[in-house]
Amino acid sequence: MTQMTPPVTPSRSSSAPEPPFLSLHTTVVLLTALVIGIVAGCLTVLATVPVAGAVLAGLSAAGSSVPVLRSLIGRPQ
């Protein structure tokens, strides 16, 4: 019988780990802005505004909340 040898995998210890795509601060700010936009859009639909107007209201609420959230939610030290 022939014994199989395990494949040799290159060691990754010499290279630095890959940084995350988005920082935690950016992720929290964008997700909070998304929730604000969805809530604003849903409330606009409930006020008997056409769906296109509610989408625009939600997008503008989300977009305008990003700079405010960025300044309110501090970066970790």
Side-chain angles (χ1 to χ4, degrees):
M1 296 190 115
T2 307
Q3 290 184 349
M4 296 186 66
T5 58
V8 178
T9 57
S11 133
R12 292 186 166 228
S13 61
S14 62
S15 64
E18 187 175 331
F21 182 68
L22 292 174
S23 69
L24 180 63
H25 180 261
T26 304
T27 304
V28 169
V29 167
L30 291 178
L31 284 176
T32 307
L34 177 71
V35 169
I36 289 172
I38 289 173
V39 168
C42 290
L43 290 175
T44 307
V45 166
L46 291 176
T48 65
V49 174
V51 176
V55 169
L56 288 175
L59 286 174
S60 61
S64 62
S65 67
V66 169
V68 175
L69 290 170
R70 186 171 178 253
S71 65
L72 287 177
I73 301 173
R75 289 190 175 267
Q77 307 261 337

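The basis for the numbers below is simple: all heavy atoms, side chains too, and nothing from hydrogens, waters or symmetry mates. We number each residue from 1, following the sequence as shown. Predicted model, so just to flag it, every value in this text is computed and none were measured.
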Under 4.5 Å between side-chain heavy atoms, hopping through other hydrophobics if needed: is there a path connecting Ile73 to Val66?
->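 Linked within one cluster.
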Could you tell me which non-hydrogen atom of Arg70 sits nearest to which non-hydrogen atom of His25, and how far apart they are?
-> O-NE2, 3.8 Å
By side chain to side chain contact (heavy atoms under 4.5 Å, CB included), which residues pair with Val45, not counting sequence neighbours?
-> Ala54
How would you list, by chain and number, every residue that makes a side-chain hydrogen bond (donor to acceptor under 3.5 Å, both in side chains) with Thr27, sequence neighbours excluded?
-> none
Looking at residues at least two apart in the chain, or sitting in another chain, which of them share a side-chain hydrogen bond (donor to acceptor under 3.5 Å, both in side chains) with Thr32?
->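 Expected list: none.
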Reference residue Thr26; test side chain to side chain contact (heavy atoms under 4.5 Å, CB included); the match among Leu24, Leu22, Val29 = Leu22
Does the side chain of Leu69 reach to within under 4.5 Å of the side chain of Ile36, using non-hydrogen atoms?
-> yes
Check whether any side-chain heavy atom of Val35 lies under 4.5 Å from a side-chain heavy atom of Leu31, and answer yes or no.
->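 No, side chains not in contact.
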Could you pull out every donor-acceptor pair under 3.5 Å between side chains of residues 58-65 and any protein atom, sequence neighbours left out?
{"residue": "Ser60", "atom": "OG", "partner": "Leu56", "partner atom": "O", "Å": "3.0"}
{"residue": "Ser60", "atom": "OG", "partner": "Ala57", "partner atom": "O", "Å": "3.0"}
{"residue": "Ser64", "atom": "OG", "partner": "Ser60", "partner atom": "O", "Å": "2.8"}
{"residue": "Ser64", "atom": "OG", "partner": "Ala61", "partner atom": "O", "Å": "3.3"}
{"residue": "Ser65", "atom": "OG", "partner": "Ala61", "partner atom": "O", "Å": "3.2"}
{"residue": "Ser65", "atom": "OG", "partner": "Ala62", "partner atom": "O", "Å": "2.9"}

